[in-house]
Amino acid sequence: RAAGQSVADLTGKHVLISAGGTREHLDPVRYLGNSSSGKQGYALARIAAARGAKVTLVAANSELPDPAGVQVVPVVSAQELYDEITGRAADADAIVMAAAVADFRPADVVEHKIKKTADGAVPAVNLVQNPDILHTISHDRARPDQIIVGFAAETGDADHTVLDLGRAKLERKGCDLLVVNDVSGGKVFGSDLNEAVILDRAGTALPVPSGSKDALSGVIWNLVATHWPTPRP
Ligand code: CTP
Ligand code: CA
């Protein structure tokens, strides 16, 4: 099925999507962040709504306009995203973690703006690890019939291909589907195009050729729909 085609095949389903990139504040005006645009998560929300789903989009720091007919829940940090996703998981038939979640946050958030000192001393930033949202919702399922989708951007290295890393990540996270992007050479980030391989737990690797983020979204929802248990006649 072509992306965005107005077939209401997701009617009656509630999908929960995260998008954007989290910010981890150091003080009221400074943060550690990442350059995720939110485009892929917003595309997933728009396409799911067009296909009849009830859609909740937990959006971290995206500049994009709210998609029509979608409930948008704004968050800033990984901890806020964790709270919103875990708190809403029991209502969702599918959860897609498209957000770029900061792995670490500053151990202390300073209440007032950090100032330079006369002696030129440089402050140290101590980091602590954020909770792993995808791992938590996958290993501690709120519902047995729920399909959980993760994303992974990988470059591969001397010992591992992008697909090897994707397979290992799918296993570790415990999700049902993992959308793997090859980002070697600066591909994907902020782009309107996406190319991916979608892995499932049965060992299938579905290559999705370079296309729009809407088109990739359409393929993801098609796959999610095939993984939902078929209702008894
Ligand atoms: N993710 C998450 N919570 C985190 C980190 C990541 O839910 N604290 C989700 C992302 O939204 C994405 C998937 O996990 O769907 C994979 O993210 P990635 O950063 O590739 O995974 P990590 O386990 O953090 O591995 P790495 O060390 O490669 O960054
Ligand atoms: Ca990470």
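Source: prediction; values computed, not measured.
Side-chain contact check for T117 and D119: at least one donor-acceptor pair (N or O, by modelled atom type) lies under 3.5 Å. Side-chain contact of H14 with T56: a donor-acceptor pair under 3.5 Å is present, judged by distance alone. With hydrogens and angles left out, the side-chain atoms of S217 and D214 include no donor and acceptor closer than 3.5 Å. A donor-acceptor contact closer than 3.5 angstrom links the side chains of Q40 and N194. Side-chain contact annotation: S184 with D182, donor-acceptor N/O pair under 3.5 Å present.
Across all their heavy atoms, H227 and L223 have their closest contact at ND1-O, 2.9 Å. Contact between I95 and A89 at its shortest, heavy atoms only, is CD1-CB, 3.8 Å. Shortest non-hydrogen contact noted between D132 and T136 is O-OG1, 2.6 Å. Minimum heavy-atom separation, K113 to P28: N-CD, 3.9 Å. Looking at every heavy atom in both residues, G150 comes nearest to L134 through CA-CD2, 3.7 Å. Nearest heavy atoms, G21 versus N61: O-ND2, 2.8 Å.
When atom types are taken as modelled, the side chain of T204 and the backbone of D200 share no donor-acceptor pair closer than 3.5 angstrom. In terms of modelled atom types and a separation under 3.5 Å, the side chain of E84 and the main chain of E80 share no donor-acceptor contact. At least one donor-acceptor pair closer than 3.5 Å links the side chain of S18 to the backbone N or O of A99. In this structure, H135 contributes its side chain and C175 its backbone to no donor-acceptor pair below 3.5 Å. Between the N34 side chain and the A102 main chain, no donor and acceptor come within less than 3.5 Å of each other. When atom types are taken as modelled, the side chain of T11 and the backbone of A8 share a donor-acceptor pair closer than 3.5 angstrom.
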**Asked** Can D27 and H112 be said to form a side chain to side chain contact (heavy atoms under 4.5 Å, CB included), step by step?
**Response** CA-CA 6 Å; D27 73 12; H112 305 288; over 6 Å; no

**Request:** Go through the steps for Q129 and F104 under the test side chain to side chain contact (heavy atoms under 4.5 Å, CB included), then give the verdict.
**Result:** CA-CA 4 Å; Q129 199 160 315; F104 310 103; 4.0 Å; yes

**Request:** Assess whether side chain to side chain contact (heavy atoms under 4.5 Å, CB included) is satisfied between L177 and L170, documenting all intermediate values.
**Result:** CA-CA 7 Å; L177 298 168; L170 176 71; 5.8 Å; no

**Request:** Go through the steps for T86 and I137 under the test side chain to side chain contact (heavy atoms under 4.5 Å, CB included), then give the verdict.
**Result:** CA-CA 7 Å; T86 56; I137 59 175; 4.1 Å; yes

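Here OG of S77 is found 13.0 Å from OH of Y82. Values are rounded to the nearest 0.5 Å. Atom CZ of R46 sits about 10.5 Å away from atom NZ of K39, to the nearest 0.5 Å. Of the inter-residue distances, the one linking I147 atom CD1 with K13 atom NZ reads 9.0 Å to the nearest 0.5 angstrom. Going from atom CG of D157 over to atom CG of L165 covers 6.0 Å, rounded to the nearest 0.5 Å.
Side-chain contact check for R23 versus R105: every heavy-atom pair is 4.5 Å or farther apart. The shortest distance between side-chain heavy atoms of I114 and R30 falls below 4.5 Å. Annotation: side chain of N181 is not in contact with side chain of E195 (no heavy-atom distance under 4.5 Å). For the pair P67/V72, a side-chain contact is recorded, criterion being any heavy-atom separation below 4.5 Å from C-beta on. Side-chain contact between K173 and M97: absent, with no pair of heavy atoms (C-beta onward) separated by less than 4.5 Å. Looking at V58 and I17, their side chains never come closer than 4.5 Å, going by heavy atoms from C-beta outward. Side chains of V110 and L26 form no contact here, defined as non-hydrogen atoms less than 4.5 Å apart. Inter-residue side-chain proximity for H25 and Y31 is flagged as met; some heavy-atom pair is nearer than 4.5 Å.
K54 has no carboxylate O lying under 4.0 Å from a charged side-chain N of D91, or vice versa, which leaves the two without a salt bridge. In summary, D9 and R51 engage in a salt bridge, as defined by a charged side-chain N under 4.0 Å from a carboxylate O.
Under the side-chain contact (heavy atoms from CB on, under 4.5 Å) rule, L206 has a single partner from N222, V197, V219, I220, which is V219. Here the rule is side-chain contact (heavy atoms from CB on, under 4.5 Å) with W221, and of T226, L216, V15 only V15 fits it. The only member of N130, V76, I133, V73 that meets side-chain contact (heavy atoms from CB on, under 4.5 Å) when paired with L81 is I133.
With hydrophobic clusters built from ILVMFWY side chains whose heavy atoms lie under 4.5 angstrom apart, L178 does not share a cluster with V101. Cluster annotation: V224 and V70 are assigned to the same hydrophobic cluster (Ile/Leu/Val/Met/Phe/Trp/Tyr, side-chain heavy-atom contacts under 4.5 Å, transitive). Both W228 and V55 sit in one connected hydrophobic cluster of ILVMFWY residues. Membership requires side-chain heavy atoms under 4.5 Å apart, directly or through other members. A single hydrophobic cluster is not seen to contain both V149 and L199; linkage of ILVMFWY side chains at heavy-atom distances under 4.5 Å, directly or through other members, places them apart. A continuous path of Ile, Leu, Val, Met, Phe, Trp and Tyr side chains, each step under 4.5 Å between heavy atoms, connects L57 with F151, placing both in one hydrophobic cluster.
Within a 6.0 Å radius of CG in D108, no more than 12 heavy atoms belonging to other residues, nucleotides or ligands are found.
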